[in-house]
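So the structure is just underneath, and the comments pick up after that.
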Amino acid sequence: QVQLVESGGGLVQPGGSLRLSCAASGFAFRDYPMSWYRQAPGKERKLVATITTTGERTDYARSVKGRFTISRDNNKNTMYLQMNSLKPDDTALYYCKVDMYDRRWWSYWGQGTQVTVSS
C-alpha cells in the first residue's frame, strides 16, 4: 500500500536550518508530483511547496520562498525539504502528500514530523 514517512524534524533556534525527508513506498514514486504541507496548532493545514515528477519545476508558498528548497531523488524514492533561515512562524507539523486518480481522487499523507523554531 501507499506509504509516506517523514523524518528530520526537531528543535532549532531562529536562523537555523533543518532538512526534512519523505520516504515513499507502495507506488511508482517517479510518476507523481509531490507536495509538502504544514499545520501549526489551531490553524489550517497549508501548502508549503510542490515539485513535478522529475524536479524540473518547483513552487513555494510566499512565506517560505527564498528560504526553503524542495527536491527529490527518484532513485531513492525520497523527497526533501531544505529549510534555512528558520523563523518561529515556521513552527508546525510538516507532512508530505501525493495525489492519485483511481475512479476518484485520493490523497495520501504521512504521519508528519514536528519542527519547532524557538530561542
Side-chain angles (χ1 to χ4, degrees):
Q1 72 279 9
V2 173
Q3 188 170 2
L4 302 170
V5 180
E6 301 94 337
S7 62
L11 174 64
V12 296
Q13 295 185 12
S17 297
L18 282 174
R19 181 176 170 87
L20 306 184
S21 298
C22 172
S25 61
F27 67 101
F29 178 78
R30 65 177 62 248
D31 292 339
Y32 292 89
M34 299 289 295
S35 300
W36 283 101
Y37 282 72
R38 68 185 183 186
Q39 186 170 25
K43 298 184 178 179
E44 65 182 359
R45 190 171 299 184
K46 293 187 175 180
L47 179 67
V48 175
T50 60
I51 187 167
T52 54
T53 56
T54 61
E56 75 276 6
R57 184 183 299 167
T58 58
D59 288 285
Y60 301 89
R62 181 177 178 179
S63 58
V64 308
K65 193 171 298 183
R67 300 187 297 120
F68 290 12
T69 303
I70 187 173
S71 62
R72 67 192 295 162
D73 186 338
N74 287 341
N75 292 324
K76 292 183 170 63
N77 286 358
T78 303
M79 177 177 66
Y80 306 95
L81 185 67
Q82 178 67 47
M83 305 185 294
N84 299 326
S85 301
L86 284 161
K87 306 174 179 179
D89 283 350
D90 296 319
T91 295
L93 193 61
Y94 284 72
Y95 300 89
C96 58
K97 190 193 81 167
V98 62
D99 292 329
M100 301 181 190
Y101 188 83
D102 184 12
R103 301 173 183 86
R104 53 154 281 188
W105 282 102
W106 303 82
S107 293
Y108 295 89
W109 300 84
Q111 288 294 116
T113 186
Q114 177 67 221
V115 172
T116 302
V117 185
S118 177
S119 59

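Quick caveat: nothing in here was measured; it's all calculated off a predicted structure. Hydrogens, waters and symmetry mates are skipped; everything else that's a heavy atom, side chains included, is used.
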Quiz item: In this structure, are over 12 heavy atoms from other groups packed under 6.0 Å from Asp89 atom CG?
Solution: no
Quiz item: Quick one: does Ser85's side chain have a donor or acceptor within less than 3.5 Å of a partner on Arg67's backbone?
Solution: no
Exercise. Could you tell me which non-hydrogen atom of Thr58 sits nearest to which non-hydrogen atom of Gly55, and how far apart they are?
Key: CG2-O, 4.5 Å
Quiz item: Are any of the side-chain heavy atoms of Lys87 and Val117 separated by less than 4.5 Å?
Solution: no
Quiz item: What's the shortest heavy-atom distance between Leu47 and Ser35, and which atoms?
Solution: CD1-CB, 3.9 Å
Quiz item: What distance separates Leu93 CG from Arg38 CZ, expressed to the nearest 0.5 Å?
Solution: 12.0 Å
Quiz item: Applying the 4.5 Å side-chain criterion to the ILVMFWY set and letting contacts propagate, would Trp36 and Tyr32 be lumped into a single cluster?
Solution: yes
Exercise. State which residue, out of Thr50, Leu4, Thr52, fulfils the side chain to side chain contact (heavy atoms under 4.5 Å, CB included) condition with Met34.
Key: Leu4
Quiz item: In this structure, are over 12 heavy atoms from other groups packed under 6.0 Å from Arg62 atom CZ?
Solution: no
Quiz item: About how many Å separate CD1 of Ile70 and CZ of Arg57, when rounded to the nearest 0.5 Å?
Solution: 13.5 Å
Quiz item: From Thr78 OG1 over to Leu20 CG, what is the distance, rounded to the nearest 0.5 angstrom?
Solution: 12.5 Å
Quiz item: How far apart are the closest heavy atoms of Phe68 and Tyr60, and which atoms are they?
Solution: O-CE2, 3.3 Å
Quiz item: Which value, rounded to the nearest 0.5 Å, describes the distance between Gln3 atom CD and Tyr108 atom OH?
Solution: 12.5 Å
Practice problem: Measure the shortest side-chain to side-chain distance between Thr113 and Ser7 over non-hydrogen atoms and say whether it is less than 4.5 angstrom. | Solution: no
Exercise. Nearest 0.5 Å please: distance from the CD atom of Gln82 over to the CG atom of Leu18.
Key: 8.5 Å
Quiz item: Which heavy atom of Arg72 sits nearest a heavy atom of Arg30, and at what distance?
Solution: NH2-CA, 4.1 Å
Quiz item: Is Glu6 reaching over with its side chain to a backbone N or O of Gln111, donor-acceptor style, under 3.5 angstrom?
Solution: yes
Quiz item: Same cluster or not: are Leu81 and Leu11 linked, directly or through other Ile, Leu, Val, Met, Phe, Trp or Tyr residues, by side-chain heavy atoms under 4.5 angstrom apart?
Solution: no
Quiz item: Do the side chain of Asn74 and the main chain of Thr53 share a donor and acceptor less than 3.5 angstrom apart?
Solution: yes
Practice problem: Identify the residue among Cys96, Cys22, Ser21 that makes a side chain to side chain contact (heavy atoms under 4.5 Å, CB included) with Tyr80. | Solution: Ser21
Quiz item: Would you say Val98 and Phe29 make side-chain contact, with heavy atoms under 4.5 Å?
Solution: no
Practice problem: Mind checking the OG-CE spacing from Ser107 to Met100? Nearest 0.5 Å is all I need. | Solution: 10.0 Å
Self-check item: Closest heavy-atom pair and its distance - Val48, Tyr37
Solution: CG2-C, 3.8 Å
Practice problem: Start with the C-alpha distance between Ile51 and Met79, add both sets of side-chain angles, then the distance that settles side-chain contact (heavy atoms from CB on, under 4.5 Å), and finish with yes or no. | Solution: CA-CA 9 Å; Ile51 187 167; Met79 177 177 66; 4.1 Å; yes
Practice problem: Evaluate the side-chain proximity of Gln114 to Thr91: yes if any heavy-atom separation is below 4.5 Å, no if none is. | Solution: yes
Practice problem: Compare every heavy atom of Val115 with every heavy atom of Gly9, then report the nearest pair and how far apart it is. | Solution: CA-CG2, 4.2 Å
Practice problem: Verify the cluster assignment for Trp106 and Val5: are they in a single hydrophobic cluster under the rule of side-chain heavy atoms below 4.5 Å apart? | Solution: no
Practice problem: Fit a plane to each ring of Trp109 and Tyr95, take the angle between them on a 0 to 90° scale, and name the class: parallel (under 30°), tilted (30 to 60°) or perpendicular (over 60°). | Solution: perpendicular
